[in-house]
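Contents: one structure, followed by commentary.
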Amino acid sequence: MSTYKSDFLNVLADRGFIHQLSEPAALDALARSSTVTAYIGFDCTAPSLHVGSLLPIMLLYWLQQTGHRPIALMGGGTTRVGDPSGKDESRRLLTGEDIDNNLKGIRAIFAKFLKFESAGGNAVMANNADWLNTLNYIDFLREVGRHFSINRMLAFDSVKLRLDRQQELSFLEFNYMILQAYDFVELHRRHGCVLQMGGSDQWGNIVNGIDLGRRLSNAQLFALTSPLITTSSGAKMGKTAAGAVWLNADQMSPYDYWQYWRNTEDADVARFLKLFTVLPIPEIERLAALKGAEINEAKKVLATEATALVHGRAAAAEAAGTARTTFEEGGLSANLPTVEFSRAELKAGIGVLAAFVKAGLAASNGEARRAIANNALMVNDVRVANDKAAIGESDLTAEGVIKLSLGRKRHILLKPV
RNA sequence: GGGAGAGUGUCCCGAGUGGCAAAGGGGGCGGACUGUAAAUCCGCUGGCUUACGCCUUCGUAGGUUCGAGUCCUACCUCUCCCA
């Protein structure tokens with residue numbers, strides 16, 4: 001067990017959130033004696049956050065749960081620059097409009113994990129566009145730029161990697177770390193923020209902020225990074241066939257989200273329970289002790305708890321129920337993802353290929369055809385052997401729907417309207 | 001400004017003698033085995049088509065050729081060396 005004196009660091013350490021920590025003793029003492037204000041920055045590069053961002057969100061969650069004050073910083077300004085950390089190539093520049101739209105989608109997530117002032121809590125939502133967009137170039141260079149040594153910046157991994165590999169690093173991106181450092185100091189000024197957290201790839205950026213804070217305001221600031229989470233087989237978290245695992249319900253249904261966690265690898269279950277659920281540690285240890293096929297029970301708990309955090313308890317229970325009827329009872333659950341189509345179309349008869357494309361299970365007729373050749377498509381749990389087969393009214397089940405399946409795991413209901 | 005090199009299947013890496021829908025990986029998907037796991041093995045991985053076949057694809061635009069990813073010209077982008 002951990003040796004910290006503060007709840008905050010103890011909880012994080014016990015749950016496996018801590019990778020690197022600057023001045024652990026000093027931060028520990030501070031967290032014990034006062035309310036610590038800490039922030040994490042989030043890029044606005046997509047209209048929703050995905051599971052990759054879940055870990056930092058959980059950091060903020062535990063921060064607040066242990067009596068401190070979280071700031072969720074939207075990167076409305078820095079996203080206009082682009083963080084080169086951990087990336088081989090520069091990203092395409094997003095328009096201001098894109099960024100604003102993305103920001104709206106992302107904001108909603110945080111309310112589910114943090115209590116903001118509007119909800120009677122102390123969490124703060126900030127946007128660095130508020131201070132970055134209006135910076136005066138010369139003033140900024142004189143005030144902030146003079147504290148940065150190019151010699152040292154060139155040694156940072158995010159920069160060095162690009163240079164070593166002879167990959168282009170634009171001046172624009174090169175400035176990212178300066179802006180992030182400035183964010184830290186600005187949040188210190190505005191909100192008394194003394195700690196920046198983030199993924200392990202952010203260590204360099206965060207330390208820059210600490211240095212800048214010392215030079216500009218003689219402030220003592222801290223850094224805490226979380227480990228890079230990969231699955232046991234080495235894959236990055238959050239990628240599936242359909243792409244990223246989104247947190248917004250309109251981009252990924254609670255059912256699919258539940259399924260994502262249900263399919264966790266055995267070796268990851270305990271670790272993920274600690275990181276992505278709020279179950280007490282003893283309970284997690286009990287689940288982690290399960291062996292063989294019993295681990296499936298732990299996976300279901302993981303799926304339901306993780307889904308409940310993002311989509312609510314009711315949606316999680318529904319997803320669990322849908323999965324139970326579909327997989328364990330071999331039945332047909334009306335709560336499976338549903339695609340509607342016209343009754344007239346059904347009367348006329350729909351080709352299987354068209355039906356699977358419409359349901360989103362195949363991207364093209366050709367793909368559907370190949371799936372049939374692979375023995376992968378089923379209509380109402382009956383294998384499709386012929387790509388010329390048609391689906392008609394006679395295929396409606398007693399429930400009035402038609403179940404399309406790709407493989408054993410992916411099911412869609414066609415519903416006539 | 002001068003010189004050298006690179007851009008390939010819109011997920012990535014990467015081979016490519018003028019006959020190419022284009023080798024091989026990785027990733028992904030499906031099948032078998034299982035526990036909705038991992039590992040392993042097998043299949044698939046441009047669009048349309050029952051099919052013959054047609055269409056689109058190798059940085060962009062032209063050209064040579066029966067035929068161009070491959071040869072020529074110009075342009076764009078990137079890298080390296082010299083100034």
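To find a chain, count down the sequence lines: A is the first, B the second, and so on, and within it residues start at 1. The shown structure was predicted, so the numbers you read here are calculated from the model rather than taken from an experiment.
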query: If you pin N296(A) and A371(A) to their nearest nucleotides in RNA chain B, which one's is more 5'?
result: A371(A)
- request: Starting from the 5' end of RNA chain B, give me the residue, L406(A) or K409(A), whose nearest nucleotide shows up first.
  value: L406(A)
With both distances under 3.5 Å as the test, what is the Watson-Crick or G-U wobble partner of [N]?
| N | answer |
| --- | --- |
| U70(B) | none |
| U64(B) | none |
| C58(B) | none |
| C52(B) | none |
| G5(B) | C78(B) |
| C41(B) | G31(B) |

List, one per line, each side-chain donor-acceptor pair under 3.5 Å for residues 311-318 of chain A, sequence neighbours excluded.
unit_1, atom_1, unit_2, atom_2, d
R313(A), NH1, E305(A), OE2, 3.1
R313(A), NH2, E305(A), OE1, 3.2

Give a yes or no on whether a salt bridge exists between [X] and [Y], defined as a side-chain N under 4.0 angstrom from a carboxylate O.
| X | Y | result |
| --- | --- | --- |
| R214(A) | D211(A) | yes |
| E367(A) | R370(A) | no |
| K291(A) | E294(A) | no |
| D14(A) | K274(A) | no |
| D28(A) | K5(A) | no |
| E399(A) | K415(A) | no |

Whole-angstrom distance between [N] and [M], as gauged at atom [atom1]:
| N | M | atom1 | value |
| --- | --- | --- | --- |
| U45(B) | C11(B) | C1' | 12 Å |
| G24(B) | C44(B) | P | 11 Å |
| U8(B) | A15(B) | P | 11 Å |

message: Can you build the contact string for nucleotides 45-51 of chain B? Use B for base contact, S for sugar-phosphate-only contact, and - for no protein heavy atom under 4.0 Å.
response: S-SSBS-
message: Classify T264(A) by what it touches in the nucleic acid, base, sugar-phosphate, or nothing, heavy-atom distance under 4.0 Å.
response: sugar-phosphate
- prompt: Rounded to the Å, how far apart are L361(A) CG and C29(B) P?
  reply: 14 Å
query: Does the ring centre of W261(A) sit less than 6.0 Å away from the ring centre of F276(A)?
result: yes
query: Are the aromatic rings of F116(A) and F110(A) close, with centres under 6.0 Å apart?
result: no
message: Please give me every residue in residues 373-385 of chain A whose heavy atoms get under 4.0 Å of an atom in RNA chain B, ordered by residue number.
response: N374(A), N375(A), A376(A)
